[in-house]
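One structure is given here, and the rest of the page talks about it.
Numbers here are sequence positions counted from 1. Both backbone and side-chain heavy atoms feed into the values below; hydrogens, waters and symmetry mates do not.
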Amino acid sequence: METLFVQPKSYSDRMQEFVTDPEIKKMEDKYEPYLEIHEMEDVLEGCDIIQSSPGEAVTGKLIWKSNYDLPLDLKKDIIALYNKHFENE
């Protein structure tokens, strides 16, 4: 019986999948009035995902930018999308 080892996705691969996820477009449509009022280009302008230190289980960390007061529902949607790509294998 052959044992398969699955290589975890890299930070770069996860980021590529994250920023191209169709859910981002849905969020931008959903929060369009908020984005326009606050002159934000996209829903991800209020956060960053930085690469974790080598050896950590999760390859990226979600960081909120302090100069944005994002609505709670928008933060929840971003967290859900982040978890989809960075928390799950």
Side-chain angles (χ1 to χ4, degrees):
M1 184 170 170
E2 190 176 319
T3 303
L4 296 176
F5 177 73
V6 177
Q7 182 71 18
K9 292 180 185 174
S10 69
Y11 168 79
S12 177
D13 290 342
R14 290 174 186 265
M15 277 302 294
Q16 182 63 34
E17 290 175 359
F18 180 82
V19 298
T20 59
D21 193 303
E23 288 298 315
I24 290 177
K25 175 66 175 132
K26 290 178 185 176
M27 278 192 277
E28 288 177 347
D29 292 342
K30 180 178 177 181
Y31 297 103
E32 182 178 6
Y34 178 84
L35 297 175
E36 285 182 13
I37 290 170
H38 295 281
E39 298 178 358
M40 295 175 67
E41 291 184 31
D42 61 54
V43 293
L44 300 178
E45 194 170 317
C47 66
D48 283 320
I49 299 177
I50 60 170
Q51 189 168 3
S52 297
S53 300
E56 290 189 33
V58 178
T59 59
K61 294 181 182 180
L62 179 62
I63 308 292
W64 299 108
K65 295 179 182 176
S66 61
N67 52 334
Y68 291 96
D69 186 21
L70 301 177
L72 185 56
D73 287 341
L74 175 54
K75 282 186 171 185
K76 287 179 181 179
D77 287 346
I78 292 171
I79 289 169
L81 186 63
Y82 165 83
N83 287 341
K84 175 181 172 183
H85 293 285
F86 286 90
E87 294 291 327
N88 301 328
E89 271 307 307

Do the side chains of E23 and K26 get close enough for a salt bridge, i.e. N-O under 4.0 angstrom? yes
Looking at K30 and D77, does any basic side-chain N land under 4.0 Å from a carboxylate oxygen? yes
Look at the side chain of [X] and the backbone N and O of [Y], then say whether any donor-acceptor pair between them is shorter than 3.5 Å.
{"X": "K65", "Y": "D48", "value": "no"}
{"X": "Y82", "Y": "G60", "value": "yes"}
{"X": "Y31", "Y": "V43", "value": "no"}

Pairwise distance [atom1]([X]) to [atom2]([Y]) - rounded to 0.5 angstrom:
{"X": "K84", "Y": "I79", "atom1": "NZ", "atom2": "CD1", "result": "16.0 Å"}
{"X": "D21", "Y": "M27", "atom1": "CG", "atom2": "CE", "result": "7.5 Å"}
{"X": "I78", "Y": "D73", "atom1": "CD1", "atom2": "CG", "result": "11.0 Å"}
{"X": "L35", "Y": "E41", "atom1": "CG", "atom2": "CD", "result": "10.5 Å"}

Shortest non-hydrogen contact from G46 toward Y68: CA-CD1, 3.7 Å
Can you check whether D42 reaches I24 side chain to side chain, under 4.5 Å on heavy atoms? no
Answer yes or no: is there a side-chain heavy-atom contact under 4.5 Å between I49 and R14? no
Should the pair F18 and H85 be assigned to parallel (<30°), tilted (30 to 60°) or perpendicular (>60°) ring geometry? perpendicular
Indicate the ring-plane relationship of H38 and Y34, choosing parallel, tilted or perpendicular according to the 30° and 60° boundaries. tilted
Sole residue of K9, M15, K61 in side chain to side chain contact (heavy atoms under 4.5 Å, CB included) with F86: M15
Verify the neighbour count for atom CG of D29: are there more than 12 heavy atoms of other residues, nucleotides or ligands below 6.0 Å? yes
